[in-house]
Number of protein chains: 2
Amino acid sequence: MTILRSPAGIPDATVARLPLYLRALDELAERGTDVCSSEHLATAAGVNSAIVRKDLSHLGSYGTRGVGYDVRFLAGHIATVVGQTQPWPVVIVGAGHLGSALAAYQGFGARGVKVAAVVDADPDLVGTVVGGHEVRSIDTLSDVIEHGEVSLAIIATPPAAAQSVADALVAAGITSILNFAPTALQVPDAVDLRQVDVAAELQILGYHAHRRQAEPAEEAVLS
Amino acid sequence: MTILRSPAGIPDATVARLPLYLRALDELAERGTDVCSSEHLATAAGVNSAIVRKDLSHLGSYGTRGVGYDVRFLAGHIATVVGQTQPWPVVIVGAGHLGSALAAYQGFGARGVKVAAVVDADPDLVGTVVGGHEVRSIDTLSDVIEHGEVSLAIIATPPAAAQSVADALVAAGITSILNFAPTALQVPDAVDLRQVDVAAELQILGYHAHRRQAEPAEEAVLS
DNA sequence: AAGAGTTTGGGAACCCTTTCACAAAATCGA
DNA sequence: TCGATTTTGTGAAAGGGTTCCCAAACTCTT
């Protein structure tokens, strides 16, 4: 049996926060801030300062004690670490409501993501334009991928179609998939799969809301 | 300073998986499966069986050794635990591409979520219909909330507007927010905030893809 | 030059989550 | 009825991640 190592380097939890730091740093840079403390960055990123320092220490020591971090330098360094020196080209599979919304999203550019293609199985949608991208037939998927146009894929199809789309993506050599369809996809270990499930997020919120209602607002601890 | 307890009961990691089990169980029930093992459910939910058993043990002992779990019964029980006996009404703030896509999403009903209202600040959008919901003015937000129409809120606005929307939601008494805007919102401790950041998800995938490229496919461990 | 004030980096403790492993409880076949 | 087989439920171990805390390193003021 094969075990997929996650060899050297950066803990998963840290990797998941690097994009937040990057976003926060870009914002700070735009506002003209040259240097920021871990406390400052923590607030901007929505986490606490201890975790910022620990996370950044995994990337090496780029801060100055008594001063803080150089905003532009740190942003550049994180961008390098996450491989964002060039925009990542992504293919969006599914040009329904969600796929169209993603295709039209203007915020990708600043975050190192470029929509390279939008494909759909519905002949009526093929040829239409969403967010400046002409929808191609799903039959062109392997061409698009194998010609090196894309390295990341987003699945925005109905759940029933998601598994066969995933199979096609994997067959064409894609190893990174972001799945919006609410279904558990089966992919090889070597493929990196992330899931976004909006209904599940709401249900999690619902659980806590439900408990708050049930319980008579228990006492807060500590003076 | 106030500390928000997460008092008795179910670990956060388990709560986050309950919606997946619920979805998987509903699928199994539709296919006519009456009983399933932890192994079976694990495959359907995309996790491993040890975790399924541990998670379900937090809800009480509802399985039968040597047999498995009653699909319908377990689904009903989980639905009760997550407070999904009645659909949760949600308000969507922002009727742009993403807000419209969410408003039009047909899958919420089956997952215990009901879109109660869609609001936007743009006068040109107010009065239009998205996914069967007439867009109301954002000025009606407090009315909608205070009249008990909704208990969950989705922010689907541009990042610049997100904080003021969050403030308005909190002022109106909302305590559960799902934020799609790529910005760190500042809310009171008592408010439950979850974040969906599509670009960040892609950047995380990018990091791993980047590493795969860089490293010459290191050896697998174990024979 | 020296002392006061800031802020990083990282060791150590703590906490949460996952995985392991197996006794207990059920079914089934003979 | 009994032994073989299946599968749950759960202690215990292992593994990560977060938080705490403080020495070290820097700036600033006097």
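Residue numbering restarts at 1 for every chain, and letters A, B, ... go by the order of the sequence lines.
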**OP:** Among the candidates C/dA21, C/dT19, C/dT7, find the nucleotide nearest to the side-chain atoms of B/R53.
**Re:** C/dA21
Whole Å only: how far is the [atom1] atom of [X] from the [atom2] atom of [N]?
{"X": "A/L59", "N": "C/dT8", "atom1": "CG", "atom2": "C1'", "value": "14 Å"}
{"X": "A/E39", "N": "C/dT7", "atom1": "CD", "atom2": "P", "value": "9 Å"}
{"X": "B/Y69", "N": "C/dA26", "atom1": "OH", "atom2": "P", "value": "14 Å"}
{"X": "A/K54", "N": "C/dT7", "atom1": "NZ", "atom2": "C1'", "value": "16 Å"}
{"X": "A/L41", "N": "C/dT7", "atom1": "CG", "atom2": "P", "value": "14 Å"}
{"X": "B/Y62", "N": "C/dA25", "atom1": "OH", "atom2": "P", "value": "19 Å"}
{"X": "A/L74", "N": "C/dT8", "atom1": "CG", "atom2": "P", "value": "11 Å"}

**OP:** Compare side-chain N and O positions of B/N48 against OP1 and OP2 of C/dT19 and report whether any pair is under 4.0 Å apart.
**Re:** yes
Original post:
With respect to B/V35, which candidate in B/V71, B/L28, B/V67 satisfies the side chain to side chain contact (heavy atoms under 4.5 Å, CB included) definition?
Top reply: B/V67
Original post:
If you look at every strand shown and take non-hydrogen atoms under 4.0 Å, does B/S38 touch a base, only sugar-phosphate, or nothing?
Top reply: sugar-phosphate
**OP:** Nearest 0.5 Å please: distance from the CD1 atom of B/I174 over to the CG atom of B/D192.
**Re:**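 Separation between the atoms: 11.5 Å.
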Subject >> Distance, nearest 0.5 Å, that separates CD of A/Q163 from CG of A/N179 >> reply: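 Between A/Q163 CD and A/N179 CG, I get 9.0 Å after rounding to 0.5 Å.
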Subject >> Boundaries of the DNA chain D segment in contact with chain B, non-hydrogen, under 4.0 Å >> reply: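 Counting from the 5' end, contacts occupy D/dT6 to D/dA12.
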Below 3.5 Å, can you tabulate the donor-acceptor pairs from side chains in residues 96-118 of chain A to any protein atom, sequence neighbours excluded?
from	atom 1	to	atom 2	distance (Å)
A/S100	OG	A/A95	O	3.0
A/S100	OG	A/G96	O	2.6
A/Q106	NE2	A/A104	O	2.9
A/R111	NH1	B/D197	OD1	3.4
A/R111	NH2	B/D197	OD2	3.1

Original post:
Looking only at side chains, do A/Y21 and A/D55 share a donor and an acceptor under 3.5 Å apart?
Top reply: yes
Subject >> Residue pair B/R212 / A/S176, side-chain donor-acceptor N/O under 3.5 Å >> reply: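 Yes - a donor-acceptor pair under 3.5 Å links their side chains.
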Subject >> A/F73 ring center within less than 6.0 Å of A/Y62 ring center >> reply: yes
Original post:
How do A/R17 and B/S57 order along DNA chain D: which one's closest nucleotide is nearer the 5' end?
Top reply: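 Upstream on the strand: B/S57.
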